Amino acid sequence: MKVVFLDRDGTIIQDPLDERVDSVDKIELFQDSIKALKYLADNDFGVVLITNQAGIGEGRISEDEFWAVHNEVLNQLSPSGVKFIKTYVGELEGANASEWRKPSPKMLLQAAEDLDLDLKDIYMVGDNQSDVEAGINAGCKGSILVKTARNKVVESPNATYSAPNLLDAAEYIVKNS
């Protein structure tokens, strides 16, 4: 099985206006998310989610609440058939929480170590410059920017590829792997 690193909020699900998915009511899948993930699954890709969660560090949502919301996201994405291998979360509570936040490569490096992955074979996909930089900083095969951020226009001259949506990014990954 091949692997893709995906950001969650703003990439697979719509970022709310306040940029914090801190309740189940705020989960809104992008129109093409299931189709994109099914395309990856049909081409033998699994997904490792790499997500910053500032709301935890800000005290807006507890870790337990985060996992309840996250499990509902996974439930809503289950029709895609993609295998979610593991989730890495930046900004869990604790003294060193911020060093895990993207653009730091720490979550990606930890995933590679935990799952015995070769980063030179993996794309990082996200909707922010910090996602692109995390992939570059980790030495990934490529970093793809999906231009789906709700609250801002994000450009990344360092991105391997800029995609209008997750389905386009998935097609690029399959074609170039």
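Predicted model, so just to flag it, every value in this text is computed and none were measured. Because only heavy atoms are used, hydrogens play no part in the values below, and waters and symmetry mates are left out as well, while side chains stay in.
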Determine whether a donor-acceptor pair (N or O, by modelled atom type, separation under 3.5 Å) exists between the side chain of [X] and the backbone of [Y].
X: E113; Y: Q110; value: no
X: S80; Y: L77; value: yes
X: S143; Y: T160; value: no
X: N43; Y: L40; value: no

Task: Contacts of D168 that satisfy salt bridge (Lys or Arg N to Asp or Glu O under 4.0 Å) - sequence neighbours left out - done: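 Counting only residues at least two positions away or on another chain, D168 forms no salt bridge (Lys or Arg N to Asp or Glu O under 4.0 Å).
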
Do the side chains of [Y] and [X] get nearer than 4.5 Å, heavy atoms only?
X: F5; Y: L49; value: no
X: I34; Y: V82; value: no
X: I27; Y: Q76; value: yes
X: P103; Y: N137; value: yes
X: M1; Y: F45; value: no
X: F66; Y: V89; value: yes
X: N75; Y: N71; value: no
X: I173; Y: V125; value: yes

Open item on the list: Please determine whether side-chain hydrogen bond (donor to acceptor under 3.5 Å, both in side chains) holds for the pair S156 and Q129, giving the CA-CA distance in whole Å, both sets of side-chain angles, and the decisive distance to 0.1 Å.
Closed with: CA-CA 6 Å; S156 179; Q129 178 66 20; 2.6 Å; yes

Open item on the list: Hydrophobic clusters here meaning ILVMFWY residues chained together by side-chain heavy-atom distances under 4.5 Å, can you tell me if V146 and F84 are in one?
Closed with: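 Linked, V146 and F84 end up in one cluster.
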
- [ ] State plainly whether one hydrophobic cluster holds both Y123 and Y161, where clusters connect Ile, Leu, Val, Met, Phe, Trp and Tyr through side-chain heavy atoms under 4.5 angstrom apart.
- [x]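 Result: yes, single cluster for both.
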
To the closest 0.5 Å, what do you measure between [atom1] ([X]) and [atom2] ([Y])?
X: D127; Y: T148; atom1: CG; atom2: OG1; result: 4.5 Å
X: Q53; Y: R101; atom1: CD; atom2: CZ; result: 8.5 Å
X: K86; Y: I50; atom1: NZ; atom2: CD1; result: 10.0 Å
X: I13; Y: H70; atom1: CD1; atom2: NE2; result: 9.5 Å
X: E171; Y: N176; atom1: CD; atom2: CG; result: 11.5 Å
X: N158; Y: L145; atom1: CG; atom2: CG; result: 10.5 Å

Task: Which atom of A134 lies closest to which atom of S104, heavy atoms considered - done: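 Smallest heavy-atom distance, with atoms named: CB-O, 3.9 Å.
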
Open item on the list: On a heavy-atom basis, which atom in S162 and which in K147 lie closest, and how many Å separate them?
Closed with: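 Result for this residue pair: CB-CE, 3.7 Å.
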
Check ion pair [X]-[Y] (N to O, under 4.0 angstrom):
X: R60; Y: D22; result: yes
X: K102; Y: E133; result: no
X: D18; Y: K26; result: yes

Neighbour count >12 (heavy atoms, 6.0 Å) for atom [atom1], [X]:
X: K2; atom1: NZ; value: yes
X: E72; atom1: CD; value: yes
X: K35; atom1: NZ; value: no
X: K83; atom1: NZ; value: no

Open item on the list: Please identify which of these residues, L109, I85, L108, I122, meets the side-chain contact (heavy atoms from CB on, under 4.5 Å) condition with L117.
Closed with: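 Filter result, single survivor: I122.
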
Task: Test applied, side-chain contact (heavy atoms from CB on, under 4.5 Å); reference residue, M124; option that passes from V48, D7, I144 - done: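 Single pass found, and it is D7.
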
- [ ] Determine, stepwise, if the pair N165 / Q31 fulfils side-chain hydrogen bond (donor to acceptor under 3.5 Å, both in side chains).
- [x] CA-CA 10 Å; N165 54 52; Q31 185 176 3; over 6 Å; no

